Amino acid sequence: MSAPAAIQPAAGHHEPSKFHFYIQIAMILAVITGVEVVLIYLPLAKGLVIGTLVTLSAVKFLFVIFYFMHLRWDKMFCTILFFIGLILAGFTMFALLHLFGADASKPLSAAAIQLPAAMTAVV
Amino acid sequence: MAKALAKSSFTEVGHAPAKTFDLFPRPTAKTGLFGWITTVDHKKIGMMYGGFAILFFLIGGLEALMIRTQLIVPNNHFVSAQLYNELFTMHGTTMIFLAVMPLNAAFFNLLIPIQIGARDVAFPRLNTFSLWVWVVGAILLNVGWLSHFVPSWKFGGAPDVGWFGYAPLTSKVFTPDLSTDLWVLGIQILGLSSIVASLNFIVTIINMRAPGLTMMRLPVFTWMALVTSFLLILALPAIAIALIEVMFDRNFGTNFFEVSGGGQPILWQHLFWVFGHPEVYILILPPMGYVSEILPTFSRKPLFGYPIIVFSGVAIGFIGFGVWSHHMFTTGMGTIATAAFSIATMAIAVPTGVKIFNWIGTLWGGRIVTRTPMMFALGFIWMFMMGGMSGIMHSAAPADAQQQDSYFVIAHFHYVLIGGATFALLAAIHFWFPKFFGRLVPEFWGKLSFWIIFVGFNCTFFPMHFLGLNGMPRRTWTYDSNMGWNEGNMFATAGAYLLGVGIFTYFAVLVYTFFKGEKCGNDPWDGRTLEWSIPSPPPEHNFSAIPTVHARDAFWYEKTHKAEIAQEKAALIKAEESHGGIHMPDQSWYPFFSAVGLLIGAYNMAQLHHPVIIMGKDVLSSHMPLAITGGVMLLTSCYLWALEGPAGYHIHLDANGNPPDSHGGHY
Amino acid sequence: MSSHAATGHIDHHHDHTTSTGIPNKKLLWWAFLASDCMFFGALISTHLVYRLNPPPGNAIPTQIFNIELTSFSTFILLMSSLLMALAVNAIQKGNVKSTRTMLLGTMFFGCIFLGGQVFEFGHFVHEKHMTLSNSIFGSTFYTLTGTHGTHVAIGVLLLGMMYVRTFKPANGGGLLANFVHLIAVCAVMGVAFIVVVPGLIEVVYGHSLGDFLSHSIKPLAIGAIGAVTMIVLGRAHGELEFGEKNAIDVESIGLYWHFVDIVWIIIFTAVYLLEYL
Amino acid sequence: MTRTRSDHRKVYRFATALLAGLGLVLLSGCKLAEVFSLSGPQSTMVTDGPVAKSQWDLFMVTVYVTTFIFVVVGAVLAYAQIKFRAKSEADEHAEPAPEGHGNPFIEIGLIAASVALLVIIAIPTLRDIWYTHDVPEDEKGNAMEVVATGYQWWFKFEYPSETIKLPNNAGEIPLVTGNELVVPANTPIRVLLRTVDVIHSFWIPKLAGKVDMMPNRPNFLWFKADRPGYYYGQCAEYCGESHAIMRFRVIALSAADYVKWLDNQKQAARTVTADAVPTNEAPHAQFASLKLDERQALSGSAEFDANPLAAWKKMQDPEQNEKAEAVAAGRKLFQAKTCVSCHTVRGHEGIGVAGPDLTRVGARSTIAAGVLENTREHLHQWIKDPSHFKPGNKMWFGGYNTLQGEDWQPNPALTLNDQEIDSLVSYLHSLK
Ligand code: HEA
Ligand code: HEA
Ligand code: CUA
Ligand SMILES: [Cu+2]
């Protein structure tokens with residue numbers, strides 16, 4: 001998706017309005033949201049749906065930051081700055097989910113704390 | 001040229017001289033109480049940070065001495081178990097959040113604008129706000145002590161949950177008293193202060209550099225401050241969330257760490273250490289910066305391997321985000337996770353080692369002048385290396401199973417925190433003292449305090465390695481005489497007293513110097529960076545002309561190109577004067593007022609559900625109205641702050657570049 | 001280097017008074033958003049971590065959620081983002097009037113979102129019997145979405161302040177009018193998202209309109225007074241202090257607003273949609 | 001650069017001295033424990049089981065590697081510090097040298113060397129992570145499982161494989177003991193770690209490193225005692241007021257001894273009858289004058305410390321001069337004073353579970369979770385004022401005192417005079 005050439009920045013001048021461009025982006029976002037909602041009801045493989053949902057959200061995400069938040073027209077440094085936080089947060093979430101998803105982290109049910117009989121369920 | 005000129009403004013594009021609004025007249029006092037609380041001058045703010053931090057360092061040290069006194073002999077009854085628990089909790093919390101962090105913040109404030117050739121930080125009033133918010137946090141954390149002296153203040157003593165406050169000990173069931181609520185809010189507010197301050201420094205360093213000062217010419221200290229600021233803004237949110245969750249658990253019945261509701265206390269540990277480990281690098285990176293400034297100065301040689309040192313600083317910072325679980329090797333994470341975090345932790349040794357090697361490279365072939373700051377800096381390298389080595393021993397997870405929560409850990413982190421961070425801070429205080437107070441600390445006394453501290457420190461903490469290996473657990477208020485720990489503890493306590501004497505000497509000498517010390521010129525150490533090019537103490541506007549930077553060691557360059565620089569400078573002063581003089585930001589009441597609002601709000605928030613009792617009488621059935629009052633005060637102040645705008649005034653210099661006695665008129 | 005700080009055209013992508021050319025405020029906000037990523041990262045992690053191994057007796061999300069309403073809220077928030085982008089677009093061309101319209105629009109969409117959330121929370125608590133404390137799902141869900149809602153509410157407040165600021169006369173006075181204006185904006189927005197929107201949603205779900213009107217007559221009156229005040233004060237003319245040079249301020253708030261929107265994009269997928277699989 | 005002869009020599013001498021000194025330390029490394037006499041009862045250096053041993057061996061690998069690095073880097077640093085110090089006024093104000101650019105090969109070489117040295121640590125680390133994690137496959141067969149549960153501030157141990165039939169066919173319960181974990185030597189023990197309140201940590205330094213007892217988490221650890229012995233354990237995670245003295249003991253017995261112990265444990269609580277008591281005339285200590293000594297040593301006497309296992313074994317036999325009347329009186333008091341509501345004495349009246357099981361408290365070597373040696377005097381003092389030894393303990397707060405509004409008030413049902421305590425002590429010590 002590349003922006004129309006006309007809206008490239010031209011230093012020192014009023015920029016051409018991005019009015020219509022923004023509206024187009026918003027429409028795309030709305031459509032993607034619609035697709036997402038429909039997707040969860042489709043009888044497709046779970047993995048496929050998850051993959052698609054994640055991809056679609058990522059696309060929405062990128063549209064908003066690059067166009068609405070005009071990272072695309074700003075200095076590269078803003079993108080770097082934001083992505084430091086974003087990637088670190090993503091990495092941390094990923095790690096946490098893996099840590100808690102591991103077998104060692106299956107929580108004890110409250111009963112098993114007291115009753116040794118329930119131990120067998122854990123081991 | 002135009003670019004350089006524009007630099008003198010702190011405001012955004014086109015700070016048209018807006019008429020400000022006058023509910024309170026804008027403060028103008030430069031001295032006196034109001035001068036200090038409304039100041040936006042980064043140097044004054046830095047000094048206040050420094051003063052408070054040193055005060056808390058001494059208080060934290062006093063707490064440490066009480067801890068050591070209790071442990072001097074087995075089965076001692078100097079303090080009760082409860083008081084001991086409060087002591088180590090507050091000792092750790094104080095030293096980390098109220099001593100080392102703000103001392104670093106002090107140096108950020110004092111040095112960054114000057115080192116980058118700016119006249120202030122990017123958002124001066126925000127800077128004032130950070131300071132006072134920090135003070136609010138400090139008050140909330142310590143207010144619990146009062147209940148030991150005034151029984152009607154029912155806080156239940158100072159916080160007693162350990163500096164990392166593991167859930168579920170922090171839940172209402174196990175610590176019903178207010179001290180934990182105050183701890184939660186206190187840390188939260190200190191975090192807020194740090195985030196705001198760090199955002200400010202990030203913008204300052206990235207955006208307000210003098211012409212010619214490229215990132216790869218930035219003094220290493222400033223670089224490390226930048227990395228530290230990034231670590232702060234990225235690490236603190238994790239603990240902010242964790243604290244919110246505890247707060248909700250305690251006050252609103254959520255189940256985040258409530259076991260009966262399905263909560264998993266281990267989540268607190270993860271969130272805490274996601275913050276906590278980067279935090280230790282937040283503590284050590286600025287010290288690495290001081291040392292990187294001091295070593296070259298006293299070796300008469302530029303820093304060896306500048307790009308590598310910078311790069312490894314960044315690497316340490318970011319690898320540091322991937323190792324947090326090494327504090328949790330004993331929580332049963334399973335083999336894979338343990339292995340991954342173990343290896344990642346070891347990896348940190350590599351960039352850290354690179355720094356050590358390059359510091360040695362800096363010394364190599366130089367002419368080492370062992371003045372007091374240099375002694376502390378060299379002490380830093382030795383001691384930090386030792387602390388790092390015991391860190392590596394911890395990183396071997398199975399071995400750590402024996403060391404975790406034992407005195408071996410205490411030994412490790414005091415080597416990195418005192419031998420590392422504190423030594424470097426003491427070096428830095430000594431090094432920059434002449435700059436900000438215009439007086440030189442006497443060498444003899446400086447060196448003497450170094451040696452007492454050095455010996456005392458090692459006597460205190462070296463034996464702790466063996467105490468730990470001999471099975472002494474940490475956070476124990478008493479121990480038995482048959483455990484083989486008697487001699488080690490006795491020795492450590494004696495060492496701690498000696499260390500106390502050393503610290504006392506160090507600060508006593510500073511106080512003496514402040515009043516009576518030998519006056520010194522602008523550049524007592526033959527320094528390399530821009531701060532040494534301006535008068536001691538620096539004038540309010542720092543630079544009569546924003547310098548143009550031509551080389552990495554900017555001031556050394558200036559010294560060898562005097563004529564060229566003088567010419568450049570004269571032209572700049574003239575040009576600036578013709579543009580209306582030096583623009584300085586106005587002082588403001590509102591940062592202080594908003595902090596007061598925050599204090600009132602948070603203090604009452606902590607005891608929301610308790611009745612308000614004044615002189616034994618129930619005045620209000622809950623603290624809600626007071627909490628809301630505080631909140632409203634905070635919001636109103638912020639609004640008025642936004643309305644008043646940065647404004648500012650001009651300073652006009654005479655032909656020699658000296659400010660005249662009177663300030664320029666206000667808009 | 002020929003550009004000057006205060007004169008000539010304003011270049012919205014560069015600020016030649018700073019070392020990088022990025023305006024200070026923009027840098028500040030981007031750095032803050034980087035930090036906020038970690039903030040929401042930790043919150044969302046908390047929620048998901050507890051979804052991995054739900055304890056017995058936990059609430060069952062799909063029985064509680066109302067995906068139509070949430071999809072609608074998501075759509076509304078996206079559209080508010082559009083209006084926000086248009087507001088920035090307008091002020092960058094010096095068009096204060098259009099900026100105001102867009103700001104108001106953004107705020108109202110924000111309020112619809114918030115109202116939806118107020119309704120949603122009330123519905124979950126009263127009809128689905130899921131409270132903050134009776135299940136871990138309740139705890140993490142309300143805290144996460146509530147924190148996001150708080151962000152939106154702060155955004156609305158900031159927008160309101162910005163909106164009022166666009167009326168500030170150039171001569172520096174007008175503080176009182178400004179203050180009253182702000183209060184009026186807050187009142188209208190508050191009534192909108194605490195009373196009107198949730199009320200209307202209930203009407204959509206079959207409650208009687210008359211009931212709603214008669215029950216909330218007082219707040220509606222306050223809202224009406226606020227609206228009238230807004231209209232009256234909004235007519236004030238004269239030379240304004242606000243103008244194209246303030247584009248950076250609007251843009252900063254815009255960054256914040258869009259960020260809150262992208263956080264919702266993630267929450268919508270991770271917290272709502274994935275539960276349906 | 002000019003170097004003088006004497007400079008050379010000084011540096012050389014210094015370096016030799018340093019190396020010799022550190023070499024000495026290194027050589028003695030394996031005997032560190034003895035050199036510094038660090039063989040206390042909780043020493044991690046003098047190990048008695050394979051898990052602790054592998055941990056110590058790994059630790060020594062890290063010591064060797066880091067000491068090597070420290071010596072090498074330190075030597076270079078020391079050399080630089082001495083060799084390049086400014087020797088004159090002129091030196092101190094010398095023109096700064098131009099910026100050096102170093103040698104990339106040296107930098108990369110040093111990085112590579114660091115990585116290589118870390119690999120030396122990493123390999124045994126990885127091996128031991130898996131080894132110490134769980135009982136090795138080939139030993140799983142004869143491993144024994146016990147459940148350890150942390151309470152503020154004591155430990156409960158359960159033996160799920162050793163069940164006791166309840167009277168009247170009321171089902172089976174596992175054997176329960178408190179604060180002393182008795183296991184067979186040479187058998188891998190897998191301990192399931194549970195807690196009822198906050199986080200505790202289970203640590204027997206001579207047998208195995210610690211693993212935390214986390215609420216809502218199925219943690220476990222394993223250890224094996226190489227030989228019969230008496231081992232000190234300690235809670236290692238801060239858990240509130242009396243964390244410091246939340247201790248326990250592990251007693252490893254030979255197979256035969258263990259079976260004997262187990263048989264006795266499975267019996268109901270011992271009831272003393274008048275005729276069964278071997279008498280000798282030695283009178284009981286008089287407790288009326290017994291003062292609480294502020295500095296009283298906790299835990300063991302000299303005799304006890306010298307051979308704790310023997311002392312423990314001695315505790316297993318009934319006392320010489322038991323007085324049946326006193327025991328019976330004590331048993332009554334135990335009921336009357338509501339002790340039963342918190343303590344179980346299996347076969348007698350006690351059924352409570354808030355405190356440690358006391359079915360065989362008389363046979364324990366310590367009381368109050370390893371805090372006091374189990375003598376008559378100590379037991380007396382403990383019952384008289386538990387909070388003196390264990391601030392905050394739940395027997396004092398909740399038993400002897402009850403919550404009234406926000407304040408703790410003495411519980412009228414639970415006031416004891418010295419005489420009564422004496423009888424209680426007799427009763428409790430009869431429970432072997
Ligand atoms: C300034 C603070 C600081 C710093 C810099 C460090 C640095 C390191 N720390 Fe430390 N640490 C703390 C502060 C710090 N730590 C604190 C406060 C705690 C306890 C918290 C609590 O529980 O209360 C702690 C606890 C702690 C633990 C948990 C222990 C436990 O509770 O069980 C671990 C485990 O891995 C660890 C490891 C390390 C490592 C590997 C480094 C490395 O960064 C060290 C790297 C440095 C070197 C290795 C030396 C120089 C390098 C060379 C000369 C190169 C060659 C060397 C090799 C190849 C080995 N630390
Ligand atoms: C930067 C951080 C820092 C610093 C500098 C120190 C400094 C010291 N620390 Fe601390 N320490 C921690 C961080 C730090 N510590 C942390 C994080 C913990 C863990 C807490 C926890 O478990 O939760 C800890 C825990 C800790 C313990 C373990 C407690 C326990 O687990 O039971 C001990 C025990 O010896 C100790 C000792 C000391 C000593 C003797 C000093 C000395 O260096 C102090 C030297 C300073 C002085 C001696 C002050 C001298 C001042 C005067 C003489 C004048 C006083 C006058 C006025 C106040 C007006 N510390
Ligand atoms: Cu249990 Cu410490
Ligand atoms: Cu760490």
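So you know, we letter chains A, B, ... as the sequences are listed, proteins then strands, and number each from 1. Nothing here was measured: the structure is a model prediction, and the numbers come from that model. Only this structure's heavy atoms are used, side chains among them; waters, hydrogens and symmetry mates stay out.
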Going from OG on C:S98 to CZ on A:F19, what distance comes out if it is rounded to the nearest 0.5 angstrom? 7.5 Å
Could you check whether any side-chain heavy atom of C:S45 comes within less than 4.5 Å of a side-chain heavy atom of A:F100, counting everything from C-beta outward? no
Residues A:Y41 and C:I67: closest non-hydrogen pair is OH-CG2, 3.2 Å
Relative to chain C, which segment of A:S105 carries a heavy atom at a distance below 4.5 Å: side chain, backbone, both, or neither? backbone
Between A:V37 and C:F268, is any pair of side-chain heavy atoms under 4.5 Å apart? yes
Indicate yes or no: at least one non-hydrogen side-chain atom of A:F68 is less than 4.5 angstrom from one of C:L82. yes
Could you check whether any side-chain heavy atom of C:I266 comes within less than 4.5 Å of a side-chain heavy atom of A:M93, counting everything from C-beta outward? no
Interatomic distance, A:I32 atom CD1 to C:T74 atom OG1 [nearest 0.5 angstrom]: 13.0 Å
Proximal component of A:I23, with respect to chain C [non-hydrogen, under 4.5 Å]: both
Considering all heavy atoms of both residues, which atom of C:I265 and which atom of A:S57 are nearest to each other, and what is their separation? CG2-O, 3.8 Å
Measure A:I84 against the heavy atoms of chain C and call it side chain, backbone, both or neither at under 4.5 Å. neither
Which heavy atom in A:M69 sits nearest to a heavy atom in C:L255, and how many Å separate them? CE-O, 3.2 Å
Distance check, rounded to the nearest 0.5 Å: C:L27 atom CG versus A:K75 atom NZ? 11.5 Å
Taking all non-hydrogen atoms of both residues, which atom of C:M79 and which atom of A:A26 are closest, and how far apart? CE-O, 3.8 Å
Heavy-atom distances under 4.5 Å only: say whether C:L52 touches chain A with side chain, backbone, both or neither. side chain
Interatomic distance, CG@C:L273 vs OG1@A:T33, rounded to 0.5 Å, equals 9.0 Å
Quick one: are A:K60 and C:T269 in side-chain contact, heavy atoms under 4.5 Å? no
